[in-house]
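To start, the structure under review is shown below, and the notes come after it.
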Amino acid sequence: MERLFYLIIFCSFYGLSQESVTAELKETSNIKVEQIFGVDTFGTLYYSDQSASFYKKTADTIISYANFQLGKITSANTFNPLKINLFYQDFNTVIILDNRLAEITKIDFNTITDYKNVSLVSSGYDNTIWVFNQDLQRLELYDYLNNKTRIKTVPIQSEVIALKSDYNYCYLLTETFIYVYNYSGSLLRKIPSRDIREMAFSKANLVLKSDNQLFLLPKNSEELKSIKGLDLLINQFLVTNETLYIYNDEKLRRYQLKPQ
C-alpha cells in the first residue's frame with residue numbers, strides 16, 4: 001500500500017498524462033558482458049568485461065583498450081566516438097580515446113594544478129568534459145587540452161546520482177531534482193526527481209528509471225510518459241534516438257519506442 005501511495009503521488013506530481021510510449025521488441029542478441037556503455041545508430045556496441053577491458057564491437061570487428069593499472073571502469077561516454085572518455089573513479093582519472101581506442105589524453109585530477117575530486121564524468125563539446133566536483137559540490141566544464149575550468153555552476157544541495165550530456169545539454173540527476181543545463185552552463189530547468197535513480201540520454205530523449213519502471217521525458221518538456229511493453233527485470237538500459245536497449249540475463253534486447 002505504501003509503494004502504491006508513492007506511485008500515485010509520483011504520477012500526480014509530474015502531471016503524467018494518459019499518453020504513453022510503447023516499446024516494441026525488434027531484436028534480441030546473446031552477449032555476455034560486464035557493462036554496456038553505448039550502442040550507436042549503426043549498431044556499434046561499446047562494453048566492458050570482467051577483466052576491466054573496454055571493447056568496441058562492430059558488425060565485423062572487435063577492438064579493445066585495457067589499462068589494468070587503473071582498475072575497473074566506473075563510466076564510459078561514447079556520445080562522441082572520436083573522443084570517448086573512460087572514467088576510473090578509484091584513481092580520479094579520465095582517459096580519452098579515439099575511434100580506434102588509441103589513447104589521446106590521460107587526465108589525472110590528482111596531479112593537475114586545480115585539483116578536483118571527481119565523482120561523475122560526461123562528454124562536452126570541443127576538448128571538454130563535464131565533471132562533478134565532489135569536494136565543492138558543483139558541476140564544472142573542464143577543458144582538458146588547456147587544463148582550464150571553463151564553467152562552474154552554483155553548489156548542488158542534494159546527493160548527486162548521475163550525469164548525462166551531449167554537445168548542447170547536460171542533465172544532472174540528484175535525490176531531489178533533475179537539473180538541465182545548456183552548453184554554456186545556464187540552468188534551463190529544475191525538475192523534481194522524486195524516486196528516479198537512473199537515467200539514459202540521447203538527443204531528444206531522456207529515459208528515467210524508478211524501481212523497475214521506465215519513463216520518457218522528451219526534450220523541452222516536464223511531462224513524463226510511461227514506457228509500456230516491458231515485462232522483464234531492467235538491469236541496464238540505454239537509449240539511442242528512438243531506440244531503447246535493455247541488457248538482462250546475458251541478452252541485449254532492442255526496442256523501438258512508439259507514441260500511442
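- In this structure Glu103 satisfies the salt bridge (Lys or Arg N to Asp or Glu O under 4.0 Å) test with no other residue, sequence neighbours excluded.
- Ion pairing between a basic and an acidic side chain is recognised when a charged N comes within 4.0 Å of a carboxylate O; Glu140 and Arg150 show no such pairing.
- For CZ of Phe42, the number of neighbouring non-hydrogen atoms (other residues, nucleotides, ligands) closer than 6.0 Å is 12 at most.
- Note on ring orientation: taking the six-membered ring where Trp is involved, the planes of Phe37 and Phe54 are tilted (angle from 30° to 60°).
- You'll find the side chain of Val207 stays beyond 4.5 Å of the side chain of Phe215, heavy atoms only.
- Shown here for Ser158 and Glu175, the closest heavy-atom pair between the two residues is OG-N, 4.1 Å.
- Summarising the geometry of Tyr144 relative to Lys83, their closest heavy-atom pair is OH-CD, 3.6 Å, with the distance given to 0.1 Å.
- For the pair Lys56 and Tyr46, the cation-pi criterion (under 6.0 Å, within 45° of the ring axis) is not fulfilled.
- Relative ring orientation between Tyr171 and Phe201 is described as tilted, the plane-to-plane angle lying within the 30° to 60° band.
- Annotation: Asp249, atom CG; neighbour count of heavy atoms from other residues, nucleotides and ligands within 6.0 Å does not exceed 12.
- Surrounding CZ of Phe177 are more than 12 heavy atoms belonging to other residues, nucleotides or ligands, all under 6.0 Å away.
- The pair Asp114-Lys116 meets the salt-bridge criterion, with a side-chain N (NZ, NE, NH1 or NH2) lying under 4.0 Å from an Asp/Glu carboxylate O.
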